[in-house]
K.L.:
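Can you keep this structure in mind? I'll have questions shortly.
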Amino acid sequence: MKLDIISLPHPILRKDGGEIAGRFETHIGLTIGKEETVLTMSQILHNEAIQELVSSGKASFFADISCSSTMYRKGVELLGEGSGQIKINSKDLRDTVVVTCLIIATQNMPRYKNLYTTDFFDGRTFNIHKGEILGYSGSDSFEVDKDWETPGSKGSFFMFWKHSGKDVKYELGSDPILIKLPEKDYENMKKIKKSEDLKGVFISLYVYPAMLWVVSEFLSERSSTYNHRKWHKKLTDITKEDQMQHIGVSVENIPELVQKIFDYPLTRSLEDLNKVVEKKFME
Amino acid sequence: MTQKITRPIFTSSALIKMKEDLRGRRSIKKYLNERFVILPSDMVESSSKVPTKKVLLSDPPGGGKRDSAENAIKLFEAYSSLTPEDASDERFWAYLTHSDFFDYMKKRTDVSAQKEEKCSKYIMDHWFVDPMSPASLMNNDISRLWWVVFLTKTKDAKDPYVLTREIFSMLDYTTHLLPGTQGRNETIRFAVLEFVVENPDLFSKNKEAKVRLIMRKLNLRGGYSALSSLDSNQIKYLLKEAVPELKRVIK
């Protein structure tokens with residue numbers, strides 16, 4: 001459902017407002033367990049007309065969750081201010097899950113109007129039907145990695161999340177830690193992740209730099225903020241291992257510790273790339 | 001009660017090698033043999049707990065309809081403990097097409113009848129699952145049987161397979177309804193199938209073209225409306241609006 005490129009019959013409120021004056025953003029927290037995946041939703045809505053519709057029960061926040069690998073798709077209405085948890089059986093999910101966040105009409109509205117940013121819509125009213133979209137805050141994607149809680153599965157500290165920004169961001173407040181990638185980077189990452197020939201490259205490019213930062217936070221005074229997180233507990237166990245103690249668990253040894261955790265990914269990625277180059281020359 | 005233990009599946013590296021061999025047309029002959037030899041090193045124990053007892057499928061029907069609802073129901077009932085997560089694992093289905101169901105596959109999907117240059121793709125489409133394209137679960141001749149039942153079995157105690165049989169009456173559904181954005185939602189999927197079943201006269205002729213038309217209409221509506229927020233009656237109401245147009249459909 002590529003809503004971004006579809007011309008809607010009535011203007012909708014977007015993240016930056018769009019043709020309507022105001023703003024609509026959705027923030028999603030994620031916890032993935034073996035049995036249950038929990039999305040924690042919260043909304044920022046700045047638009048008086050839609051706010052009134054939500055308050056009077058004529059519109060509501062809505063999340064559409066879809067996983068094409070398992071042919072799963074469910075719509076969830078989020079009551080009131082749109083905050084709350086959505087729980088999904090983890091066995092219904094595999095690979096990429098897309099969450100689309102909307103505000104929809106919960107009943108027919110024959111004369112809907114709003115405050116517009118362009119003169120074109122001034123004074124116009126729209127005949128809105130139940131289910132039609134009034135606000136769209138975007139689609140987020142995340143990758144479900146079922147090895148996350150497996151002991152020794154060190155690559156699964158992280159989960160990849162597609163976001164509309166331009167920068168790579170890390171979110172330690174989630175379980176697993178979220179690596180938020182811009183849309184194009186996310187699509188490239190998915191291809192590299194699935195390639196058997198580029199396992200080392202994948203770890204070096206995406207996981208290794210993230211882990212350098214995670215371990216530096218882990219060893220900082222801010223560490224206690226995260227000590228209820230599973231990734232924090234897992235890292236605590238890893239740093240107690242003999243091989244880590246032998247290197248020395250301290251800030252100056254972070255690059256060495258992280259290389260050891262992922263079994264020397266930089267070396268492996270150079271080997272992978274060398275094989276790819278050699279294969280290219282053979283062709 | 002059937003004992004449920006783990007069963008073997010292909011390793012990922014074995015699948016990569018098999019596909020490479022097919023692309024290079026080096027292994028097509030193997031699909032013409034009586035059985036497909038799988039090396040022990042190409043197998044790994046799956047974590048899915050499914051019955052190891054062999055499921056016996058009837059010979060595929062002849063003519064245009066080469067899948068039967070009866071076979072699909074039999075397979076699904078035997079493997080009903082699979083979760084969607086397990087059932088989207090390409091290693092599992094590829095292993096079954098090359099082992100338990102190799103005889104059935106040879107009858108269902110005759111490689112020897114294909115033109116030489118098309119054999120590789122034909123085998124890849126029917127014996128394997130493309131992990132980059134989840135809709136290919138509907139192409140693999142064994143996974144399709146399981147998934148169709150999983151997606152259409154209802155809670156009706158009298159006959160939970162009414163919609164399953166409707167799907168097997170016209171396999172176009174497996175391309176245009178089940179794997180599509182709208183069809184992945186149970187309420188929408190059931191409403192479309194029920195609408196067809198409840199209106200036999202309307203769909204007695206040109207069913208394929210008519211079902212495609214209602215799917216196009218739903219997809220269009222889904223561009224500006226959250227169809228997954230509607231209940232079954234509301235979706236059927238939208239479909240009823242299309243009846244005059246449906247009546248005018250000629251092939």
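The basis for the numbers below is simple: all heavy atoms, side chains too, and nothing from hydrogens, waters or symmetry mates. If you're wondering where the values come from, they're calculated on a predicted model, not measured in any experiment. In what follows, chains are A, B, ... by sequence order, proteins preceding strands, each numbered from 1.
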K.L.:
Would you mind checking which part of B/Leu151 comes under 4.5 Å of any heavy atom in chain A, side chain (CB onward), backbone (N, CA, C, O), both or neither?
P.N.:
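For B/Leu151, the side chain is the part near chain A, not the backbone.
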K.L.:
Quick one: do the A/Trp161 and A/Asp140 side chains pair a donor with an acceptor below 3.5 Å?
P.N.:
yes
K.L.:
Is it the backbone or the side chain of A/Ser66 that comes under 4.5 Å from a heavy atom of chain B, or both, or neither?
P.N.:
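The side chain, not the backbone.
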K.L.:
Please state whether the side chain, the backbone, both or neither of B/Asn219 comes within less than 4.5 Å of a heavy atom of chain A.
P.N.:
neither
K.L.:
Could you tell me whether B/Lys19 and B/Glu90 make a salt bridge, using a distance below 4.0 angstrom between a side-chain N and a carboxylate O?
P.N.:
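Yes, charged N to carboxylate O under 4.0 Å.
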K.L.:
Would you mind checking which part of A/Lys130 comes under 4.5 Å of any heavy atom in chain B, side chain (CB onward), backbone (N, CA, C, O), both or neither?
P.N.:
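Looking at A/Lys130, backbone and side chain both touch chain B.
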K.L.:
Tell me, side chain or backbone of A/Phe62 under 4.5 Å from chain B's heavy atoms, or both, or neither?
P.N.:
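Only the side chain of A/Phe62 comes within 4.5 Å of chain B.
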K.L.:
Flag the pair B/Glu117 and B/Arg25 as a salt bridge only when some basic side-chain nitrogen lies within less than 4.0 angstrom of an acidic carboxylate oxygen.
P.N.:
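No.
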K.L.:
Would B/Lys30 and B/Asp21 pass as an ion pair if we require N to O under 4.0 Å?
P.N.:
no
K.L.:
Among side-chain atoms of A/Thr117 and A/Glu19, is any donor-acceptor pair under 3.5 angstrom?
P.N.:
no
